[in-house]
Every structure is written in C-alpha cells, then in structure tokens.
Amino acid sequence: KAGVTQTPRYLIKTRGQQVTLSCSPISGHRSVSWYQQTPGQGLQFLFEYFSETQRNKGNFPGRFSGRQFSNSRSEMNVSTLELGDSALYLCASSFGGGSPSTDTQYFGPGTRLTVL
Amino acid sequence: AQSVAQPEDQVNVAEGNPLTVKCTYSVSGNPYLFWYVQYPNRGLQFLLKYITGDNLVKGSYGFEAEFNKSQTSFHLKKPSALVSDSALYFCAVRDLISSGSARQLTFGSGTQLTVLP
C-alpha cells in the first residue's frame, strides 16, 4: 500500500508570496492533519481535516489555511509569506473514523519551504 | 492541556548496548502515547503506541516502550542498539478529553540518538 505523499518536496519563495502544498493520504484514510516543524518551535499542529471539514485547528494565524477534497487529498495554503514560515511541513493521515484512541497517524516525507 | 517532555536533547550509546530514550507526559484523562522516529530529510515514521493493556509495548525494529502510570512515563527502549538506529526520536500524546474526536498529537521536543560504532 502506498504511503502518504506530499508535493512538492522543496519550495523556495520570497516574502509576501503565497504557497500551496499538497498531500495525498494513504488509500482509505479520511483524516489528514498538517504539522509545522522548525528547529525553534519543534512540531506544532496546524489543522486536521476529516470528510472535507476542518475538525480541529492549532494556534496559527489566519494566513495558514487548508482544505480537503472529496477524495481525501488535502492542500494547505500560506499567504503573505514571512521569513518565520520557513519550515518542514508534514502531512499525516489516519482512518479518522471509529475510535480515536486506536487511530494511528502516518506521516509523509514533508515539504521543505524556504522563505527568502 | 496535554503535554509531553523529553528531558534529554541528546543520547549517546555504544553499538550493542541497551538504549533508553525518556518521555514523561501530562494529560487530564487516559493517555494515548506514541513514539515516532525521524531520519534526516525524512518524515516521521511510526514505531509503537500505548492505548491500554500491557505496560510493555513492542514495536517496529526491535523497539519497545514501558508505560508507567505512577511515574507518568513512557520510555523507549531497545536491548541492543545499532548504528542505523541513530536518528531523532519523538514522543507524542493524544488526550481524548482535550482532543475529543480530533486526531491532533502533541509532540515532545525530540531526542537525538547517536549510536557509536
């Protein structure tokens, strides 16, 4: 079974631009979560989508947004990029339904975003 | 609020020796605990999880973790370390009271494990 895929793997943008990252979950998984990883702040939760609805959101400004499509693929968008947005953005998928206690998240390889 | 702490930024161990990577947690309800490993320029790879039941959880690649409720700990262990185990290890928790049906994980700061040949 194919794992979680993320595209692109690397991105270089300049301040003020916007960017869209894509995530394809494991087949059959309906929940997609996004995390930001930086050396200073570590791994921080951005948001989770399940059945095309945002189920939970972390403490990030409104410049960070996402969506999920009917095939469970997800995109996240960052507008008006700042230098501090440089990070590894990780996507994770899980079944999303049933018992949350047993639902394991599986991560993709990440998208490395560099903002100049 | 839920949280996890990894008190050691760096752990060094000789190949063939046992290794331990420490994790303590704080949750308001029953904890659901996970260990992930990250190799350079890669995403996180799931190792094992504790939901309920036996306090000793066995996972991938010979790793295991011991859940201790009284000490609120969930330490990762391996009887004999390999050089290829060198990586960044993360402990994570999900607390159903805080998270509800959401799948949000709260991660520790990570521990860099180096296995010396």
Side-chain angles (χ1 to χ4, degrees), chain A residues 3-7 9-10 21 23 25-26 29-51 53-60 68 74 87-112, chain B residues 1-10 23 25 27-53 57 59-60 65 67 87-112:
Chain A
V4 179
T5 58
Q6 292 187 244
T7 56
R9 291 293 310 277
Y10 301 92
L21 312 181
C23 171
I26 292 170
H29 284 187
R30 294 162 58 200
S31 168
V32 173
S33 297
W34 289 89
Y35 294 84
Q36 181 196 64
Q37 185 178 20
T38 60
Q41 300 298 317
L43 279 155
Q44 293 185 288
F45 172 77
L46 280 156
F47 29 65
E48 181 208 1
Y49 285 86
F50 175 70
S51 292
T53 301
Q54 188 179 86
R55 182 155 63 178
N56 197 14
K57 187 177 190 307
N59 189 25
F60 278 82
Q68 187 179 35
S74 177
L88 180 67
Y89 289 88
L90 293 163
C91 162
S93 78
S94 67
F95 285 108
S99 172
S101 64
T102 56
D103 205 15
T104 299
Q105 291 189 352
Y106 296 91
F107 284 78
T111 295
R112 173 75 62 184
Chain B
Q2 58 192 23
S3 65
V4 289
Q6 293 181 245
E8 299 161 320
D9 292 335
Q10 175 83 39
C23 172
Y25 65 88
V27 300
S28 48
N30 289 325
Y32 299 98
L33 297 155
F34 302 78
W35 276 102
Y36 287 86
V37 60
Q38 186 176 36
Y39 295 97
N41 299 315
R42 302 281 293 276
L44 273 65
Q45 185 174 333
F46 170 72
L47 282 177
L48 51 81
K49 66 183 177 185
Y50 172 82
I51 303 301
T52 187
V57 180
S60 306
F67 173 71
L88 187 57
Y89 290 80
F90 289 95
C91 180
V93 66
R94 181 163 61 229
D95 171 6
L96 291 189
I97 291 180
S98 299
S99 306
S101 60
R103 270 51 175 168
Q104 173 183 349
L105 291 174
T106 299
F107 285 88
S109 54
T111 298
Q112 180 66 49

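As a basis for the values below, the full set of heavy atoms in this structure was taken, side chains included, without hydrogen atoms, waters or symmetry mates. What you see is a predicted model, and the numbers here were worked out from it, not measured in a lab. Note on naming: letters A, B, ... go to the chains in the order of the sequence lines (proteins, then strands), and numbering restarts at 1 for each one.
Rounded to the nearest 0.5 Å, atoms CZ (A:F47) and CD (B:Q104) are 12.5 Å apart. Atom OH in B:Y32 sits 12.5 Å away from atom OG1 in A:T104 (nearest 0.5 Å). The CD atom of A:Q44 sits 14.0 Å away from atom CG of B:L105, with the distance rounded to the nearest 0.5 Å. Note that CG of A:L43 is 10.5 Å distant from OH of B:Y36, once rounded to the nearest 0.5 Å.
For B:Q38, the part lying near chain A is the side chain, with the backbone staying farther off; criterion is any non-hydrogen pair under 4.5 Å.
Heavy-atom minimum distance, B:N41 versus A:R9: O-NH2, 3.4 Å.
For A:S94, the side chain to side chain contact (heavy atoms under 4.5 Å, CB included) criterion is met by A:S31, A:D103, A:Q105, B:R103, not counting sequence neighbours. Shown here are the side chain to side chain contact (heavy atoms under 4.5 Å, CB included) partners of A:S51, two or more places apart in sequence or in another chain: A:R30.
Of the residues considered (A:A92, A:G42, A:P109), A:P109 shows the highest number of contacts with chain B, using heavy-atom pairs under 4.5 Å.
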